[in-house]
Amino acid sequence: MFTQLLWWAGNAAEVLLLVRSVQGKFYRKYPTFYFYLGSVLLVTLLRFVVFTFRPGSYPALYWYTQYFAATIGYAVILEIYSQALKKYRGAVRVANGLLLCILAAVILKIIAGAVSGSGWSPGETMAALERDLRALQAALLLVIIALLAYYKIRTGRNLTGIVVGYSFYVATSVVSVGFGSLPGFGPRPGWRSALPIAYLATLSIWCFTLWSYHPNPEPSPGSKIERDYKARSEQTKRILARARSYLKMGGEL
């Protein structure tokens, strides 16, 4: 009964957030985030239908949709980086390139391990991929929070809410996946409710901070992050120029 209440409350909060974003016409400001919310809502409803009418297919569907949600969640992190560093184009290009490369490396690692390993099953592979993606998301969120704090980059209420809410949910997911795989933890009814409670708390944070649109403040001119990026860019150009010269003329680096 309690789990069903959490389920319906979460669905209602997701619908409320989506409807409010359409009413306020600010869903275009964070399209990936609202696509994520809509996708999670559709996945939840699909799971309910399958669990009701074809319960034997539910375990496989669960892991595939968990992987799908975690992948879209990674796209949300890309949007967080892009929005937080929107006024710093050079830093955004570097961050997006690195994040995409890291994602590709994680997926290739899991696929290679699944193909080469014995006793491979889709459920185990999806579970491992979801675990690694959640851990990676947690690390990347820590990085962006550290960057915002170090460079004193101000964010608006909307972006702050997205970061705080999603960080809380990802951290709970990492702990849940870790402890849930231990003997004796997974089957406990109370433990199975931990993640739905965390997600409902996350939705509450989003409802509070995303009820209306609040843009990010304008950055101060000559910010430290832009100076650091330009300095490292110039240093990289000098290193590449010396390398080209060395290869062309046989000189010394």
Side-chain angles (χ1 to χ4, degrees), residues 9-45 68-100 102-103 133-134 136-171 173 198-221 223-226 229:
N11 289 342
E14 288 169 347
V15 171
L16 183 64
L17 280 165
L18 291 170
V19 170
R20 182 58 188 167
S21 71
V22 174
Q23 288 178 341
K25 297 181 179 180
F26 53 84
Y27 62 91
R28 298 176 184 174
K29 302 298 181 180
Y30 304 100
T32 305
F33 171 75
Y34 285 107
F35 177 74
Y36 168 79
L37 274 182
S39 299
V40 170
L41 178 60
L42 290 176
V43 164
T44 303
L45 295 176
F68 174 71
T71 303
I72 300 179
Y74 192 90
V76 172
I77 293 180
L78 281 173
E79 185 168 72
I80 289 173
Y81 272 77
S82 297
Q83 289 289 339
L85 306 175
K86 190 173 183 179
K87 302 298 182 179
Y88 315 104
R89 295 181 180 179
V92 168
R93 286 196 299 269
V94 173
N96 286 343
L98 287 175
L99 293 178
L100 290 174
I102 292 171
L103 176 61
L133 280 176
R134 291 299 186 191
L136 178 60
Q137 287 173 358
L140 293 175
L141 286 167
L142 283 175
V143 170
I144 189 61
I145 291 172
L147 284 174
L148 294 176
Y150 179 75
Y151 287 109
K152 298 179 181 179
I153 299 174
R154 296 180 299 165
T155 58
R157 181 175 179 176
N158 296 152
L159 187 59
T160 300
I162 293 174
V163 173
V164 171
Y166 198 59
S167 297
F168 174 71
Y169 177 68
V170 168
S173 298
Y199 186 57
L200 185 59
T202 297
L203 289 170
S204 301
I205 293 172
W206 288 340
C207 285
F208 179 73
T209 57
L210 291 162
W211 192 251
S212 58
Y213 177 62
H214 296 274
N216 294 326
E218 288 294 322
S220 56
S223 60
K224 189 175 187 299
I225 187 172
E226 198 65 25
Y229 171 76

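Heavy-atom basis, side chains included; hydrogens, waters and symmetry copies ignored.
Not less than 6.0 angstrom separates the ring centroid of Tyr34 from the ring centroid of Tyr27. Taking the ring centroids of Tyr36 and Tyr166, they lie under the 6.0 Å cut-off.
Contact annotation: the side chain of Val170 never approaches that of Ile77 to less than 4.5 Å [non-hydrogen atoms, C-beta and beyond]. Within the 4.5 Å cutoff, side-chain heavy atoms of Trp206 are placed close to those of Leu37. Ser167 is listed as a side-chain neighbour of Ile145, based on a closest heavy-atom distance under 4.5 Å. Side-chain contact between Phe35 and Val40: absent, with no pair of heavy atoms (C-beta onward) separated by less than 4.5 Å. For the pair Thr155/Val163, no side-chain contact is recorded, criterion being any heavy-atom separation below 4.5 Å from C-beta on. Side-chain contact between Leu210 and Phe33 is present, with at least one heavy-atom pair separated by less than 4.5 Å.
In this structure, the side chain of Arg157 engages the main chain of Phe208 through a donor-acceptor pair within 3.5 Å. Checked by atom type and distance alone, the side chain of Thr32 never pairs as donor or acceptor with a backbone atom of Val76 at under 3.5 Å.
Minimum interatomic distance between Lys29 and Tyr213 (heavy atoms only, all atoms of both residues): CG-CE1, 3.4 Å. When all heavy atoms of Phe68 and Val43 are compared, the closest pair comes out as CD2-CG2, 4.0 Å. The shortest heavy-atom contact between Tyr199 and Glu14 is OH-OE2, 2.6 Å. Nearest heavy atom pair, residue Asn158 against residue Tyr30, reads CB-OH, 3.6 Å. Scanning all heavy atoms of the two residues, the minimum distance from Ala84 to Leu148 falls at CB-CD2, 3.9 Å. For the residue pair Pro217 and Gly156, the shortest heavy atom distance occurs at CD-N, 3.6 Å.
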Going through the checks in order, is the side-chain contact (heavy atoms from CB on, under 4.5 Å) test met by Leu45 and Asn11? CA-CA 9 Å; Leu45 295 176; Asn11 289 342; 4.2 Å; yes
